[in-house]
Structure formats: structure tokens, C-alpha cells
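Numbers here are sequence positions counted from 1. These numbers were taken from a predicted model, which means no experiment stands behind them.
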Amino acid sequence: MGEGDRYQEFEPPAALRPFVRTIWTYAAPAPEPTVQRIAPDGCPELVVDIGAPYEEQGVDGVFRLQPRALFAGQMTRPLALRPAGPVELVAIRFESDGARDWLGVPLAEATDRRLDMVGRLAGVHPPAGDPAAQVELMTAWLEDQRRAADWSLDAAVRAEVEAAGHDRPSPARSSAAHRALQRRFRDRVGVPPRLLRSILRFRRVFDHAAGPEAAGWLEAGLEAGYFDQPQMARDFRRFLGCTATEWARQQVGLARSLASQSYKPGPLSPH
């Protein structure tokens with residue numbers, strides 16, 4: 001990270017832990033004015049900008065300012081952002097299947113989209129320069145939302161999400177049960193089970209490449225579950241739009257901070 005940049009993660013309270021993986025904050029007082037590639041990670045997120053929002057590149061190639069509060073659904077392709085000023089934000093990283101009851105609509109409606117949440121978060125103003133206070137405010141607000149809506153989980157979807165997260169085989173299911181799971185995944189996750197597994201495998205490459213005994217890209221890919229370098233290279237093109245070497249050379253700021261953190265699922269509270 002650049003001078004003065006900070007990235008921090010905070011564990012959610014027990015009541016939110018089945019739904020929320022982590023709460024994170026990021027600040028860059030003088031971000032480099034370069035395009036940053038964000039890869040899919042299998043987790044939808046609620047992001048609140050305290051500083052200047054990022055500009056996002058649309059499918060037409062034009063950069064447009066993001067809303068100050070947004071819900072980022074599941075991603076199946078890279079996201080290109082560039083800073084428009086000093087950055088500071090706080091974000092809720094949901095579990096893959098944890099945002100459905102908060103969002104109130106099928107997660108498929110948010111896939112590869114950033115939904116404007118400014119109206120929904122009216123009156124929520126995290127204080128600048130105080131990560132702990134930002135997290136405390138967002139946690140209290142989200143816990144109020146959880147209690148009011150009585151959030152729940154789909155046991156079959158969660159079992160598949162956990163199997164994918166830990167790289168375990170899927171539980172045995174009949175053809176009818178598999179088709180039903182596909183429909184429930186569209187509702188509660190936003191992408192099919194097989195695609196979620198591909199995204200999580202790709203994410204594990206960065207875990208191995210950035211670990212205490214960091215490996216080269218090929219070794220990291222093999223550790224993550226790829227058969228060979230060409231298979232991993234295809235996913236770099238698919239999920240980041242570049243090669244591993246290009247990404248490592250170009251990426252700074254938020255993109256590098258997110259890639260250096262672990263998305264491995266932790267123990268969840270009973271549900």
C-alpha cells in the first residue's frame with residue numbers, strides 16, 4: 001500500500017457471523033490515479049464511501065462515479081475502478097449466501113451489478129478517520145436490520161457453500177434435488193454452484209501466493225486446485241482480464257489490499 005494507506009478487517013459479532021464474513025475499512029489519502037482491477041471473490045458486499053467514491057468502468061468503456069453507498073452483488077468478471085479523490089470507506093463482506101434477507105430480492109438480480117443504496121442508508125454516517133467507530137456504527141445498524149427482518153439461511157445452500165469454500169465434494173443429491181439447488185442458489189447466492197467453486201478456487205491462488213511461505217504463481221495455482229498453468233491462465237483472463245504477471249505489475253491500492261487478504265471461510269456460528 002502507499003504511504004498513509006490502511007486496510008483493516010474486523011470480526012462481526014456472533015449474531016451476525018452466520019451472515020457476515022468480515023467488516024473491513026480502507027483509506028488512501030493520496031491514491032495513485034490508476035485503474036485497479038478487482039477480481040470476483042464469491043462474496044457480495046455493502047460498501048459505504050466516507051471519502052470520494054470510485055469511478056467504475058462500464059461495459060461501454062466509460063468511467064462513471066459510483067454512488068456513495070452501494071451493494072455489490074456476486075461478480076463473474078473483473079471490475080475496473082479508479083480513484084477520483086482521497087479514499088475512505090467501510091464495507092460489509094457477507095458470506096456467499098448471507099445477504100439475501102438483507103437485500104430483500106433474489107441475489108441474481110444483483111449479479112455483476114452495483115446497486116445504489118444511498119436512500120436505504122440515509123442517516124447512516126460513519127465518522128471519518130476512525131475505523132473502530134465506523135465498524136461499531138455499521139455493526140449496530142446491521143444488527144438492527146437483522147432483528148427486524150429475522151434473517152435465516154437455507155440449510156442446503158449453506159452446505160454447498162461450505163463444501164465449495166473448503167474445497168470438499170458436494171453432498172450427494174438426486175437430479176431433482178440438484179435442479180432445486182440451482183434455483184435456490186440463484187435466489188440466495190446469485191451464481192450457480194459450479195461457478196461459485198470456480199471463483200473460490202481462483203481466490204485461493206492469491207491466498208497461496210501471499211501466504212507466509214509465498215509460492216510462485218504456478219505453484220500457487222497447483223495448491224489452489226488447478227491442474228496446470230494454462231487452466232489457471234484462462235481464469236486470470238476470465239476473472240481479471242489479464243495475465244498473472246500483468247496483474248502483479250500493475251495493481252496498487254484497493255485491488256492489491258483485497259487480493260492480499262484471505263477469503264477463506266472461518267468457523268460459523270450455529271444456525
Check against ring-ring contact (aromatic ring centres under 6.0 Å, His included), Trp217 and Phe206:
CA-CA 9 Å; Trp217 286 116; Phe206 296 91; 5.7 Å; yes

After noting the C-alpha distance and the side-chain angles of Trp24 and Glu45, does the key distance pass the side-chain contact (heavy atoms from CB on, under 4.5 Å) rule?
CA-CA 10 Å; Trp24 58 274; Glu45 295 190 310; 2.9 Å; yes

Do Arg146 and Phe19 make a side-chain contact, defined as non-hydrogen atoms from C-beta onward lying under 4.5 Å apart?
yes

One pair to check against salt bridge (charged side-chain N to carboxylate O under 4.0 Å, His left out): Arg147 and Asp144. What are the steps and the verdict?
CA-CA 5 Å; Arg147 286 196 300 263; Asp144 287 343; 2.5 Å; yes

Heavy-atom closest contact (Gly165 atom, Arg204 atom, distance)
O-NH1, 3.9 Å

What verdict does the salt bridge (charged side-chain N to carboxylate O under 4.0 Å, His left out) test give for Arg201 and Asp235, after you've listed the backbone C-alpha separation in whole Å, the side-chain angles of each residue and the deciding distance to 0.1 Å?
CA-CA 10 Å; Arg201 179 180 62 182; Asp235 271 1; 3.5 Å; yes

If you count heavy atoms of other groups shown closer than 6.0 angstrom to CD of Glu136, is the number above 12?
no

Please give me the minimum heavy-atom distance between Pro33 and Pro83, naming the atom from each residue.
CA-CG, 4.3 Å

Distance col, row Glu143:CD vs Met138:CE, nearest 0.5 angstrom, shows 13.0 Å

Least distance between heavy atoms, Asp5 atom then Pro29 atom:
OD1-CD, 3.7 Å

What's the verdict on salt bridge (charged side-chain N to carboxylate O under 4.0 Å, His left out) for Asp187 and Arg183, showing C-alpha distance, side-chain angles and the deciding distance?
CA-CA 7 Å; Asp187 179 64; Arg183 293 192 295 270; over 6 Å; no

To the nearest 0.5 Å, what is the distance between CZ (Arg82) and OH (Tyr54)?
13.0 Å

Check: Arg197/Ser170 side-chain N/O donor and acceptor closer than 3.5 Å:
yes

Does any part of the side chain of Gln8, heavy atoms only, come nearer than 4.5 Å to the side chain of Arg6, both counted from C-beta?
yes

Phe71 and Ala110: which non-hydrogen atoms are nearest, and at how many Å?
CE2-CB, 3.9 Å

Ignoring hydrogens and angles, state whether a donor on the side chain of Gln145 or Trp151 is under 3.5 Å from an acceptor on the partner side chain.
no

Phe239 six-ring face occupied by Arg77 cation (under 6.0 Å, within 45°):
no

Hey, could you give me the CG/CG distance between Leu70 and Leu115, rounded to the nearest 0.5 Å?
8.5 Å

Would Arg188 and Ser96 count as having a side-chain donor-acceptor pair, cut-off 3.5 Å?
no

Hydrophobic cluster identity match, Leu121 and Val105, side-chain contacts under 4.5 Å:
yes

Is the CZ atom of Arg173 crowded by more than 12 outside heavy atoms at less than 6.0 Å?
yes

Distance alone, cut at 3.5 Å: any donor-acceptor contact between the side chains of Glu162 and His166?
no

I need the single residue from Arg186, Arg158, Arg21, Arg184 that forms a salt bridge (Lys or Arg N to Asp or Glu O under 4.0 Å) with Asp97. Which is it?
Arg158

Any non-hydrogen side-chain atom of Pro44 less than 4.5 Å from a side-chain atom of Phe94?
yes

Nearest heavy atoms of Met75 and Ile38, plus distance in Å
CE-O, 3.3 Å

Is the side chain of Asp60 donor-acceptor paired with the backbone N or O of Val62 at a distance under 3.5 Å, no angle test?
yes

Glu9 pairs by side-chain contact (heavy atoms from CB on, under 4.5 Å) with which of Ile23, Thr22, Val135?
Thr22

Once rounded to the nearest 0.5 Å, what's the spacing between atom CG of Leu218 and atom CE of Met232?
6.0 Å

Kindly indicate whether the side chain of Val189, heavy atoms from C-beta on, has any atom under 4.5 Å from the side chain of Gln74.
yes

Run the numbers on Phe202 and Tyr226 for ring-ring contact (aromatic ring centres under 6.0 Å, His included), then give the verdict.
CA-CA 9 Å; Phe202 183 66; Tyr226 285 95; 7.2 Å; no

In the single-linkage hydrophobic clustering (I, L, V, M, F, W, Y; side-chain heavy atoms under 4.5 Å), do Val205 and Leu222 co-cluster?
no

What is the ring orientation for Tyr7 with Tyr26, classed by angle as parallel under 30°, tilted 30 to 60°, or perpendicular over 60°?
tilted

Does Leu153 belong to the same Ile/Leu/Val/Met/Phe/Trp/Tyr cluster as Trp102, with side-chain heavy atoms less than 4.5 Å apart forming each link?
yes

Do NZ/NE/NH1/NH2 and the carboxylate oxygens of Asp154 and Arg100 come within less than 4.0 Å?
no

Between Pro131 and Val90, is there a side-chain heavy-atom distance shorter than 4.5 Å?
no

Are any of the side-chain heavy atoms of Thr111 and Val191 separated by less than 4.5 Å?
yes

Has the side chain of Asp116 got a donor or acceptor atom that lies under 3.5 Å from a matching backbone atom of Pro67?
no

Hey, is Arg64 close enough to Glu56 for a salt bridge, meaning N to O under 4.0 Å?
no

For Gln57 and Ala80, indicate whether the former's side chain and the latter's backbone hold a donor-acceptor pair under 3.5 Å.
no

Could you tell me if the side chain of Glu95 sits less than 4.5 Å from the side chain of Cys43, heavy atoms only?
no

N/O donor-acceptor pair under 3.5 Å between Gln231 side chain and Phe227 backbone:
yes

Give a yes or no on whether Phe10 and Ile50 share a hydrophobic cluster (residues Ile, Leu, Val, Met, Phe, Trp, Tyr; joining criterion: side-chain heavy atoms under 4.5 Å apart).
yes

Distance, nearest 0.5 Å, that separates CD of Glu11 from OG1 of Thr139
11.0 Å

Trace of the side-chain contact (heavy atoms from CB on, under 4.5 Å) decision for Val35 with Leu81:
CA-CA 6 Å; Val35 175; Leu81 302 176; over 6 Å; no

Do you know which two heavy atoms are closest between Gln182 and Pro193, and how far apart they sit?
OE1-CD, 3.6 Å

Does atom CZ (Arg168) have a neighbourhood of more than 12 heavy atoms from anything else shown, all under 6.0 Å?
yes

Any heavy-atom pair between the side chains of Leu196 and Val161 that's under 4.5 Å?
yes

Go through the steps for Val48 and Arg68 under the test side-chain contact (heavy atoms from CB on, under 4.5 Å), then give the verdict.
CA-CA 6 Å; Val48 179; Arg68 287 192 172 274; over 6 Å; no

